[in-house]
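Below you'll find the structure, written out as structure tokens, and then a few comments.
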Amino acid sequence: MILVSACLAGLRTRYDGGDNLQEKVLQWVREGKAVLACPEQLGGLSTPRLPAEIVGGSGEDVLDGKARVMDMEGNDVTDAFLKGAEETLRIARMYGCKGAVLKESSPSCGSTLTYDGTFSRHKIPGQGVTAALLRRNGVEVFSEKDLSEENKLQPFLNSR
Ligand code: SF4
């Protein structure tokens with residue numbers, strides 16, 4: 001069983017009420033090989049919601065209390081992002097997920113890139129809060145860019 005970002009399975013969980021459907025991810029859900037989660041909804045945020053970015057560091061820094069997550073009107077939404085990450089980890093443990101495919105560049109789900117905290121659409125190397133927490137707890141995190149690499153992901157689809 002692999003954990004996937006809910007928006008990649010076609011749920012309209014994005015901040016703007018849209019989705020990021022990837023047919024392969026939806027197929028895994030239908031086949032019972034994937035469990036989906038949206039950390040930001042699990043953290044209690046509404047949909048649609050204001051876009052948010054990590055300010056002053058990376059997802060790891062947020063976990064360590066060294067950076068915050070702010071929405072574009074300046075509201076501090078760090079606690080919701082931390083709660084969502086923790087709930088997503090609970091789901092991964094519940095289903096025995098050893099791997100995850102998460103939406104790239106999100107402040108929660110990004111695994112190699114996030115926005116730089118200036119709301120100027122500029123991306124920097126780094127990971128989101130949920131991706132960082134999952135990795136700290138032994139879950140391998142991939143993004144939709146890895147979906148073509150079936151061999152790499154197959155062991156996680158079949159593990160329990
Ligand atoms: Fe998708 Fe993750 Fe954003 Fe939820 S938090 S909409 S699952 S990228």
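These numbers come from the heavy atoms of this one structure, side chains and all, not from hydrogens, waters or symmetry mates. Along the sequence shown, residues carry numbers from 1. Quick caveat: nothing in here was measured; it's all calculated off a predicted structure. Ligands are counted one by one from 1 in listed order, and the atoms in each one are counted from 1 as well.
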D79: salt bridge (Lys or Arg N to Asp or Glu O under 4.0 Å) partners, not counting sequence neighbours = none

For residues 35-63, pull every pair meeting salt bridge (charged side-chain N to carboxylate O under 4.0 Å, His left out), keeping only residues two or more places apart or in separate chains.
-> E40-R49

Please list, chain by chain and in numerical order, all residues satisfying side chain to side chain contact (heavy atoms under 4.5 Å, CB included) with A85, sequence neighbours excluded.
-> V129, T130, L133

Looking at A37, which atoms of ligand 1 are within less than 4.0 Å of one of its heavy atoms?
-> 7 (S)

How many protein N, O or S atoms sit closer than 2.8 Å to atom 1 (Fe) of ligand 1?
-> 1

If we number the atoms of ligand 1 from 1 as shown, the ones under 4.0 Å from a heavy atom of R49 are 6 (S)

Would you say the side-chain atoms of E23 and Q27 include a donor-acceptor pair closer than 3.5 Å?
-> no

Quick one: are K83 and L42 in side-chain contact, heavy atoms under 4.5 Å?
-> no

When you check the gap from the basic side-chain N to the acidic O, do D19 and R12 get nearer than 4.0 Å?
-> no

Atom pair CD/CD1 of E86 and I91 - distance to nearest 0.5 Å = 12.5 Å

